[in-house]
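Reading through the structure tokens given below for one structure.
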Amino acid sequence: MDKLERHWRRVRRMTGWLLAGWLLATFCIIFFARELSGLSVFGWPLSFYLAAQGASLIYLAIIGFYAWRMNGLERRYRSETRRGDEA
């Protein structure tokens with residue numbers, strides 16, 4: 001298998017997992033909002049806090065992980081490419 005194909009397979013797999021996490025986080029917050037509305041924090045329903053703050057923090061974590069991991073994957077691809085050129 002070509003180095004470029006392996007690289008893009010890793011990138012697509014990671015992107016797929018992160019999109020699944022994004023979908024799961026979004027869906028779970030909406031799906032369980034009624035059950036969480038019984039709990040309150042400072043007079044506001046817990047579902048409000050999860051939708052307003054929790055989802056945003058999850059999305060920020062996904063973006064941060066993507067940037068960190070892509071940096072590592074790109075570095076790995078460049079080192080594999082250089083090694084292949086020297087051989």
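Values reported hereafter were calculated over all heavy atoms of this structure, with side chains retained and with hydrogens, waters and symmetry mates removed.
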For the hydrophobic clusters of this structure (ILVMFWY residues joined by side-chain heavy atoms under 4.5 Å, transitively), does one cluster hold both [X] and [Y]?
{"X": "Y77", "Y": "W8", "result": "yes"}
{"X": "L24", "Y": "I63", "result": "no"}
{"X": "L19", "Y": "F27", "result": "no"}

Exercise. Residues in side chain to side chain contact (heavy atoms under 4.5 Å, CB included) with L18, at least two apart?
Worked result: M14, I62, F65, Y66

For this session: Report the residues that fulfil side-chain hydrogen bond (donor to acceptor under 3.5 Å, both in side chains) with T15, sequence neighbours left out, ordered by chain and then residue number.
Result: none

Exercise. Donor-acceptor pair, S79 side chain versus R76 backbone, under 3.5 Å?
Worked result: yes

Exercise. Is I58 close to W22 at the side-chain level, that is, under 4.5 Å between some pair of heavy atoms?
Worked result: no

Exercise. Should the pair E5-R9 be classified as a salt bridge under the 4.0 Å nitrogen-to-oxygen rule?
Worked result: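 So E5 does not pair with R9 through a salt bridge.
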
Problem set entry | Interatomic distance, R6 atom CZ to L73 atom CG [nearest 0.5 angstrom] |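 With rounding to 0.5 Å, CZ (R6) is 12.5 Å from CG (L73).
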
